[in-house]
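Working notes, beginning with the structure itself.
Proteins get letters first, then strands, A, B, ... in listed order; numbering begins at 1 in each.
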There are 2 protein chains.
Amino acid sequence: MAVTLKEVAERAGVSRSAVSRTFTDGASVSDKMRRKVEKAAKDLGYSPNALASSLTTGRTKLIGLVSNNFHNPIFLEVFDLFTRGLQDRGLRPLLVNLTDETDPENSVRMLRQYSVDGVVVASSTLPPEFAKAFRDAGVPVVHSFGRASSAPQVHVVGIDNVECGRMAARELVRRGYTHVGFMGGPEGASSTQDRYSGFMTEMSAHPDIKASHSFADAYSFDAGRREMLRLLKNGPAQAYFCGDDVLSIGALSAIDDSGLSCPDNIGIIGLNDMEMAQWENIDLTTIHQPIRQIVTSSIELMVAMLDDPERYPETRIFPCSIVERGTLKPGI
Amino acid sequence: MAVTLKEVAERAGVSRSAVSRTFTDGASVSDKMRRKVEKAAKDLGYSPNALASSLTTGRTKLIGLVSNNFHNPIFLEVFDLFTRGLQDRGLRPLLVNLTDETDPENSVRMLRQYSVDGVVVASSTLPPEFAKAFRDAGVPVVHSFGRASSAPQVHVVGIDNVECGRMAARELVRRGYTHVGFMGGPEGASSTQDRYSGFMTEMSAHPDIKASHSFADAYSFDAGRREMLRLLKNGPAQAYFCGDDVLSIGALSAIDDSGLSCPDNIGIIGLNDMEMAQWENIDLTTIHQPIRQIVTSSIELMVAMLDDPERYPETRIFPCSIVERGTLKPGI
DNA sequence: ACGCATTTTGCAACCGGTTGCAAAATTGCA
DNA sequence: TGCAATTTTGCAACCGGTTGCAAAATGCGT
């Protein structure tokens, strides 16, 4: 089927090692030899079999790109950045969709069968057991958008979700709201828990302000819509910190449908600063999450791990900042 | 590093072939043998190296999932469906991002190096040369969301874009608009061209109705917004067929910003029927594209090709239908 | 032209599996 | 129990590459 190294060697009248060496950089080949081989290779349309070579080198240049979030448009950008970033470094993303997968062992087995050189877990909702399971299998792991920890077991790149919760709370206080709400994503996700905990910690310093909370089923527009419709029915707070922009935008749509308006009747602050957040008709006040930096840094970290798999686990946290737009009342 | 077949064989006290056979279905192994081997394998935590076996079997179970559209949220769903569908059949998607890639040869080389068993091109904007190049390299190819053709060179699964253009035009005529517009996606994309051509063909039967056209830079919210803002400045038509829902929603946002309203001042009909289209505050009249069926059918076709690579190229077209919501005036 | 150091080349073993073939073990039946 | 038919097993070669090692070739100084 495909042209093999052996055929190239025969046509060039040289040994197989010679051919192998011309395609391995750092190997010693004379110019004459190189020219001969390259000629033969071109004539035959040869390109080396990366998988076969991985057998002896132990490197496949395959990186497992593992996620379970296929409903938040922000992840389309995340995939875009990851795939391009990895490709630029000669690495190939093997996409693994863990939606509905509950047993880390399955995915570990799968990734091991394909002997990936490393795994990037790109998800804020996947339980940390998955990243741990990969690490335990001896595969370099970077958990992007994962939970910050003072004693990290795997490399984590992301934001300080607790601090984001705080920031949002402080902002709502500053704006003079006296009844605020936290509308989180899926309750089990660490990102939700951390944002919640930061939010509530800050609010506990303001006993005069009423703080309520609830959780949407998923980080998706629809979940946000549904949850806000429910809240509106049961007497909503004056302003909400939504655990993600998709939730916020879903919530805005619910507010709109109910004949209410934002920020006049209800304030909203989101998190992510996705593209849509800046549309004039949405104009969402939100906390900016530096997606691009997180992805870039994750890839750099992964590349570093490939060189030194024993590298000591680190946590890289990027600062977030509030982007003021039009979904909160001006404040005092 | 990883446990190998040889180690399992030694521990179980059997030959390497025996171990190989227990992990290959269809091979003949006695129950006693199988038990011995499985015990040893479990003790050692062995899982076979799929890449090594691919050397002799010639199958990697790797499928190249090639796309260049990482801005249209509909594609997040497409990726979700593809990855899950492929995984369910024991196939692994190798994601290839062709944004900014112009030379098919590069991607061909890359996919060949990883000896993928097949390639799914999931894009409505990628030039057909890419799919052809893969086919010429001897790799089974399915082009999903590709251009229908009466003499297909590769397998194509998608919709009849010309007919969609027609449908949209007919609908606008039926509603009594006397000046209509086509607002397409990127001008070079075959999907855009076909939708345009269908639209204009139909309109040419109505010389009394004025028909104009223009193109957005990309299939993205922002491009739709920008294009509609431009149109609004230069005296817009009464209603537009937008080449995709993201364009439509971007356009709606532009209309909203300009203090106009839809459908009172301007009508919009989209294409895709993405999740957001049904939100009450968007309520987009649109042409439904059966994404799920297209993906499912593409995967089935790919699986069939793996069995019979010489299979004669076919084109699978799924019907679309108009979903009436609230962005067109009621009509006569 | 010679001897020595350095570079280039080929041999052969190996990576982790699969598989055709023949030998060994098991089965069925008289 | 004996023997042929059938099943199970192991040997060894192979898939498409890489690499340590020693032999061959080259370069250099005199």
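By the ring pair (Phe, Tyr, Trp, His ring centres under 6.0 Å) test, A:Phe79 pairs with A:Phe70, sequence neighbours left out. Residues satisfying the side-chain hydrogen bond (donor to acceptor under 3.5 Å, both in side chains) criterion with B:Asp100, sequence neighbours excluded, are A:Arg84. For A:Asp43, the salt bridge (charged side-chain N to carboxylate O under 4.0 Å, His left out) criterion is met by A:Arg11, A:Lys39, not counting sequence neighbours. Residues meeting the salt bridge (charged side-chain N to carboxylate O under 4.0 Å, His left out) test with B:Arg311, sequence neighbours left out: B:Glu314. By the salt bridge (charged side-chain N to carboxylate O under 4.0 Å, His left out) test, A:Arg35 is found to be paired with no residue, residues two or more places apart in sequence or in another chain being considered. B:Gln113 pairs by the side-chain hydrogen bond (donor to acceptor under 3.5 Å, both in side chains) definition with nothing, not counting sequence neighbours. Listed by chain and residue number, nothing satisfies the salt bridge (charged side-chain N to carboxylate O under 4.0 Å, His left out) test with A:Asp117 (two or more places apart in sequence, or in another chain).
Nucleotide D:dC15 holds its C1' atom 13 Å from the CG atom of B:Asn49, rounded to whole Å. The distance between atom CD of A:Gln113 and atom C1' of C:dG17, rounded to the nearest whole Å, is 13 Å. We find that CG of A:Leu55 is positioned 18 Å from P of C:dA13, with the value rounded to whole Å. Here D:dG17 presents its P atom at 11 Å from CG of A:Leu51, a figure rounded to the nearest Å.
Near DNA chain D, meaning a heavy atom under 4.0 Å from it, residues 30-44 of chain B has B:Ser30, B:Met33 in order of number.
Using cut-offs of 30° and 60° on the angle between ring planes, the pair B:Phe75 and B:Phe145 is tilted.
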Inset, instruction - Would you mind building the protein contact string for nucleotides 18-25 of chain C? One character per nucleotide, 5' to 3', B for base within reach (heavy atoms under 4.0 Å), S for sugar-phosphate only, - for untouched. - result: BBB-----
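Within the 4.0 angstrom heavy-atom criterion, base atoms lie near B:Ser28.
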